[in-house]
> 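Pasting a structure here, questions to come.
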Amino acid sequence: MNQPASRGVDNPIRVGVLGARGRMGTQVCRAVEDAPDTRLVAAVDAGERMADLTDGGAEVVVDFTHPDVVLDNLRFLLEHGIHAVVGTTGFDQAKLDTVRGWLGEHPELGVLVAPNFALGAVLAMRFAQQAARFYSSAEVIELHHNRKADAPSGTAAHTARVIAQARADAGLAPGADATTSELAGARGARVDDVPVHSVRLPGLVAHEEILFGGEGETLTIRHDSLDRTSFMPGVLVAVRSIPGRPGLTVGLDQMLDL
Ligand SMILES: NC(=O)C1=CN([C@@H]2O[C@H](COP(=O)(O)OP(=O)(O)OC[C@H]3O[C@@H](n4cnc5c(N)ncnc54)[C@H](O)[C@@H]3O)[C@@H](O)[C@H]2O)C=CC1
Ligand SMILES: O=C(O)C1=N[C@H](C(=O)O)C[C@H](O)C1
């Protein structure tokens, strides 16, 4: 009986990159070229030929583009039988449901949507989920470089949702405070009732603090990506895993043994 060929140096995974000229895309191209078991077969940016992905025989495409274009990209990939690893942010429940619907027509394909590929950020979200039921109040502060397109960050929004869900699962009401805002926005934006604050400064890369408050104590969980290389091990884990994970996976934690 024919066994599927195992992947490695002699049979590398053929990878395409969308957003290939961007801050993340350039790093992903380099990481894919440097890894022994992956080969970069197409690097496509805005206005360039999507057909390069199919001509190059891409099996997996990594997307770091823009929230406004990522769904169109995904539809193209699924229609052409290509698995997707998506780092682009801006995925709410409606967008995830759209992708799930498309995957229903392509049950053999896998899509990972991950708000953050840095190991420490994934752990921080997991720790926040564990802490949530022990504290009445939580707030998220995300800090990023000033070229970032969106606010709040995908990671902060996901973290807030995870905290809210953990509280709801434990039967807890969201924490209250007595403050009246004198100025709109002074208490941040609300994601599922968790306040989220966005800071944008040149010099920053990607940072998140999750603050919990209870009787006479606080707990702060902080993660710092100091360089975009921090995301690359997670991207490569996802590229290797996604061909064996049909359907929609949300969060890199699903592919790690946490
Ligand atoms: N999940 C994660 O770990 C991370 C996610 N991100 C997210 O990745 C996305 C990109 O971030 P950056 O690389 O910093 O942005 P960037 O602006 O440096 O790069 C985006 C690139 O996508 C290109 N692009 C736009 N439309 C395109 C299209 N239709 N097809 C192909 N390419 C297209 C742009 O020309 C640009 O080169 C953002 O949503 C950001 O939040 C960023 C870092 C880590
Ligand atoms: O745009 C970025 O830089 C980042 N985007 C992601 C997000 O919005 O959470 C991940 C990381 O924070 C870097």
Side-chain angles (χ1 to χ4, degrees), residues 4-5 7 11-35 37-117 147-150 153-154 228-229 231-252 255:
R7 312 314 296 259
N11 184 23
I13 303 169
R14 296 187 303 280
V15 182
V17 176
L18 278 168
R21 246 63 74 191
R23 282 176 290 268
M24 284 298 289
T26 42
Q27 295 279 345
V28 174
C29 290
R30 196 172 306 148
V32 168
E33 283 175 322
D34 289 350
D37 57 341
T38 56
R39 179 187 298 156
L40 183 68
V41 296
V44 177
D45 205 273
E48 297 175 358
R49 288 181 75 245
M50 294 289 278
D52 283 359
L53 301 168
T54 46
D55 292 352
E59 301 163 79
V60 177
V61 163
V62 181
D63 185 302
F64 282 97
T65 57
H66 191 281
D68 292 347
V69 303
V70 63
L71 275 190
D72 286 345
N73 289 346
L74 267 175
R75 193 170 47 193
F76 175 93
L77 298 177
L78 296 179
E79 282 171 357
H80 290 84
I82 301 173
H83 306 285
V85 168
V86 181
T88 307
T89 44
F91 276 86
D92 56 12
Q93 204 51 51
K95 281 189 177 177
L96 292 173
D97 287 344
T98 300
V99 178
R100 261 191 210 97
W102 292 341
L103 277 165
E105 294 162 31
H106 306 279
E108 74 288 4
L109 294 177
V111 173
L112 169 72
V113 175
N116 203 307
F117 283 96
R147 313 299 295 274
K148 182 165 175 57
D150 53 331
S153 72
R228 289 184 180 82
T229 51
F231 303 111
M232 296 307 120
V235 170
L236 289 175
V237 165
V239 164
R240 293 176 183 125
S241 304
I242 200 64
R245 283 188 75 104
L248 178 64
T249 303
V250 180
L252 182 68
M255 292 180 169

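Worth knowing before you read on, the calculation uses all heavy atoms, side chains too, and leaves out hydrogens, waters and symmetry mates.
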> Output, in order, the C-alpha distance, side-chain angles, deciding distance and verdict of side-chain contact (heavy atoms from CB on, under 4.5 Å) for Met232 and Arg30.
CA-CA 9 Å; Met232 296 307 120; Arg30 196 172 306 148; over 6 Å; no
> I need the minimum non-hydrogen distance between His66 and Ala149, along with the two atoms involved.
NE2-CB, 3.7 Å
> Hey, is Asp150 close enough to Lys148 for a salt bridge, meaning N to O under 4.0 Å?
yes
> Evaluate Thr26 against Arg228 for side-chain contact (heavy atoms from CB on, under 4.5 Å), listing each step before the verdict.
CA-CA 10 Å; Thr26 42; Arg228 289 184 180 82; over 6 Å; no
> Quick check: do Val113 and Thr249 have side-chain heavy atoms less than 4.5 Å from each other?
no
> For a 4.5 angstrom cut-off between non-hydrogen side-chain atoms, does Trp102 reach Leu109?
no
> Rounded to the nearest 0.5 Å, how far does CG of Leu236 lie from CZ of Phe231?
14.0 Å
> Examine distances only and state if a side-chain atom of Thr38 and a backbone atom of Val32 form a donor-acceptor pair shorter than 3.5 Å.
yes
> Work out which heavy atom in Ala84 is nearest to a heavy atom in Leu74; give both atom names and the distance.
CB-CD2, 3.5 Å
> Strictly below 4.0 Å, N to O, side chains only: are Arg7 and Glu59 in salt-bridge contact?
yes
> For Ser153, does its backbone N or O pair with a side-chain atom of Thr89 as donor and acceptor, under 3.5 Å?
no
> Is there side-chain contact between Val235 and Val62, with at least one heavy-atom pair below 4.5 Å?
yes
> Any donor-acceptor pair under 3.5 Å linking the side chain of His80 with the backbone of Ile82?
no
> Any side-chain heavy atom of Arg240 within less than 4.5 Å of one from Val60?
no
> Determine, step by step, whether Leu53 and Leu77 satisfy the side-chain contact (heavy atoms from CB on, under 4.5 Å) criterion, reporting the C-alpha distance in whole Å, the side-chain angles of both residues, the deciding distance to 0.1 Å, and the verdict.
CA-CA 9 Å; Leu53 301 168; Leu77 298 177; 3.9 Å; yes
> Would you mind reporting whether Val111 and His83 have side-chain heavy atoms less than 4.5 Å apart?
no
> To the nearest 0.5 Å, how far apart are CZ in Phe117 and CD in Gln27?
14.0 Å
> Can you tell me how far apart OG1 (Thr54) and CD (Glu79) are? Round to the nearest 0.5 Å.
12.0 Å
> Search all heavy atoms of Val99 against all heavy atoms of Leu71 and return the closest pair with its distance.
CG2-CD2, 3.7 Å
> Is it the case that the side chain of Ser241 and the backbone of Ala238 share a donor-acceptor pair, with hydrogens and angles ignored and the cut-off at 3.5 Å?
no
> Is Thr98 reaching over with its side chain to a backbone N or O of Ala94, donor-acceptor style, under 3.5 angstrom?
yes
> Might you point out which heavy atoms bring Asp55 and Arg49 nearest each other, and give the distance in Å?
OD2-NH2, 3.2 Å
> Where do Val44 and Val17 land on the side-chain contact (heavy atoms from CB on, under 4.5 Å) test, with the steps shown first?
CA-CA 6 Å; Val44 177; Val17 176; over 6 Å; no
> Is any side-chain heavy atom of Asn116 closer than 4.5 Å to a side-chain heavy atom of Leu252?
no
> Would you find more than 12 non-hydrogen atoms of other residues, nucleotides or ligands less than 6.0 Å from Arg39 atom CZ?
no
> Between Glu48 and Arg21, is there a side-chain N and carboxylate O pair less than 4.0 Å apart?
yes
> Taking the side chain as every heavy atom from C-beta outward, state whether Val61 and Val15 have any atom pair closer than 4.5 Å.
no
> Any idea which heavy atoms bring Phe64 and Thr88 closest together, and the distance?
CA-OG1, 3.3 Å
> Looking at Lys95 and Pro67, would you say the former's side chain and the latter's main chain have a donor-acceptor pair under 3.5 Å?
yes
> Please name the pair of heavy atoms, one in Cys29 and one in Ala20, separated by the smallest distance, quoted to 0.1 Å.
SG-CB, 3.9 Å
> So, are Arg100 and Asp97 salt-bridged, with charged N and O less than 4.0 Å apart?
yes
> To the closest 0.5 Å, what do you measure between CG (Asp72) and CG (Leu18)?
11.5 Å
> Within the distance-only criterion (no hydrogens, no angle test), does the side chain of Asp63 pair as donor or acceptor with the backbone N or O of Thr65 below 3.5 angstrom?
yes
> A side-chain contact here means heavy atoms from C-beta on lying under 4.5 Å apart; do Leu112 and Val86 qualify?
no
